[in-house]
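Here the structure comes first, spelled out in structure tokens, and everything after it is commentary.
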2 protein chains.
Amino acid sequence: MGARKSDTRERMLESAVALLREHGARATSIDRVLAHSGAPRGSFYHHFPGGRAQLVEEAVARVGGFVAGLLDEAAASGDALRGVDAFFALWRERLVESGFRAGCSVVAVAVETNDEAPQLARSAAAAFARWTDALADLFAGQGLPAARARRLAAFTVAAVEGAVIMCRAERSAAPLDAAAAEIHDLLSNTLRPPRSTI
Amino acid sequence: MGARKSDTRERMLESAVALLREHGARATSIDRVLAHSGAPRGSFYHHFPGGRAQLVEEAVARVGGFVAGLLDEAAASGDALRGVDAFFALWRERLVESGFRAGCSVVAVAVETNDEAPQLARSAAAAFARWTDALADLFAGQGLPAARARRLAAFTVAAVEGAVIMCRAERSAAPLDAAAAEIHDLLSNTLRPPRSTI
DNA sequence: GTCTATACGAAGATAGAC
DNA sequence: GTCTATCTTCGTATAGAC
């Protein structure tokens with residue numbers, strides 16, 4: 001009935017996420033987002049009165065939420081190894097399908113954010129924190145003490161993000177696969193088997 | 001004697017490295033490099049006829065060489081754990097002394113390089129490769145099979161770089177310390193003791 | 001090696017019409 | 001919600017004098 005909820009805003013956000021991944025934060029200009037999304041020029045500041053900073057901040061929050069959702073799904077299964085493997089698989093797919101041109105939007109913002117609005121750094125930190133928390137819960141659920149679980153979770157996020165960067169630079173999945181194998185082995189030796197298999 | 005070798009070029013390069021670390025690749029503009037280094041405007045294209053891309057490429061190569069030098073020093077001692085600890089310590093110092101504003105110049109270029117000259121990606125990949133090679137040598141020197149040594153080396157580089165990014169976002173050294181602790185434990189359990197202690 | 005001047009484009013943001 | 005100017009600033013690059 002009546003006015004369908006506008007998807008212009010939605011498309012701009014999705015374009016911002018994609019451009020952040022491939023070209024970085026500073027290169028994700030309003031012009032480019034408009035061109036990529038096909039959204040009309042004149043409505044940008046209508047949807048994002050806070051300007052470019054607001055768009056980027058919301059794009060980062062969206063990625064943070066999306067990936068956290070994946071991890072929470074894995075948490076429901078109670079199998080930490082599966083959750084971690086899914087985390088690696090997600091980034092691997094992104095790399096391969098983009099010809100090793102696309103990385104992580106959150107990283108892009110974290111690396112380029114010193115000149116921009118301070119809430120951007122906070123937004124990136126919040127995304128990393130969500131992923132770390134989700135992984136820590138996963139690990140703690142399999143018998144690891146809380147402190148170690150957190151340490152291992154932060155370590156896992158760092159390894160994935162660092163490996164994705166290396167993969168882009170050398171246009172190969174080898175660094176991510178190396179990290180996945182090492183983390184997998186480490187977790188196998190550290191965690192006790194999931195409850196369902198005892 | 002006579003004409004002292006000009007240090008203008010040198011200062012521009014050092015400024016580029018510093019700006020890449022703190023503000024990213026795109027934000028490392030010629031204007032900013034000149035302002036930071038105090039170098040005269042008119043001589044930029046004299047020293048870097050290839051323009052901004054040449055400057056950035058050389059800056060990345062310089063960082064790559066510098067860090068590789070540190071790792072090679074550690075390799076001379078034959079103690080892999082010491083080498084890895086020095087690697088972590090280097091980045092920790094950079095983070096702390098900058099108030100968690102400075103990261104890795106090579107990462108900045110790797111993340112933002114899709115729009116710029118293709119040799120920039122290659123330059124970043126070369127830096128990562130040098131570090132990975134140096135660490136792999138270190139690990140292989142302590143009894144690890146070559147393939148595993150390489151895998152572990154790439155993993156270590158990825159963990160450090162990813163952790164540095166997280167540290168910047170959350171303005172804390174916790175992620176790097178977590179990664180250092182996990183890598184340290186992993187290596188202790190994986191490598192045999194250095195030759196000197198047998 | 002260094003200086004000034006300048007051309008040119010891209011980017012963020014705002015104003016006012018529709 | 002969308003459109004068309006328009007302002008301003010910044011960035012790369014070149015030309016030509018000194």
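Computed from a predicted model, the values in this text were never measured in an experiment.
In this structure, A:His46 atom NE2 and C:dT14 atom C1' are separated by 16 Å, rounded to whole Å. Between the P atom of C:dG12 and the CZ atom of A:Arg32 lies a distance of 11 Å, rounded to the nearest Å. Per the geometry, CZ belonging to A:Arg41 stands 10 Å off C1' belonging to C:dG12, to the nearest Å. In this structure, A:Leu19 places its CG atom 16 Å from P of C:dA10, rounding to the nearest Å. At whole-Å resolution of the value, CD in A:Glu116 and C1' in C:dA11 are 12 Å apart. Between A:Arg26 atom CZ and C:dA10 atom P there is a gap of 16 Å when expressed in whole angstrom units. Spacing between atom CZ of A:Phe48 and atom P of C:dA13 amounts to 13 Å, rounded to whole angstrom units.
Residue-environment remark: CZ (A:Arg82) stays at or below the threshold of 12 foreign heavy atoms within 6.0 Å.
Less than 6.0 angstrom separates the ring centroid of A:Phe155 from the ring centroid of B:Phe155.
Remark on DNA chain D: of its neighbouring residues A:Pro40 and B:Ala53, the 5'-side contact belongs to A:Pro40, judged by nearest-heavy-atom nucleotide. Residue whose closest nucleotide on DNA chain C sits further toward the 5' end, between A:Ala27 and A:Gly42: A:Ala27.
Electrostatic pairing of A:Glu112 and A:Arg26 does not count as a salt bridge here, judged by no charged N lying under 4.0 Å from a carboxylate O.
Residues B:Ala153 and B:Ala136 approach most closely at CB-N, 3.4 Å, considering heavy atoms. Residues B:Leu20 and B:Ala108 share a closest heavy-atom pair of O-CB, 3.6 Å.
Exactly one of B:Asp133, B:Leu135, B:Asp137 qualifies for a side chain to side chain contact (heavy atoms under 4.5 Å, CB included) with B:Arg150. That residue is B:Asp133.
With a heavy-atom cut-off of 4.0 Å to chain B, the contacted part of DNA chain D has its first and last nucleotide at D:dG11 to D:dT14.
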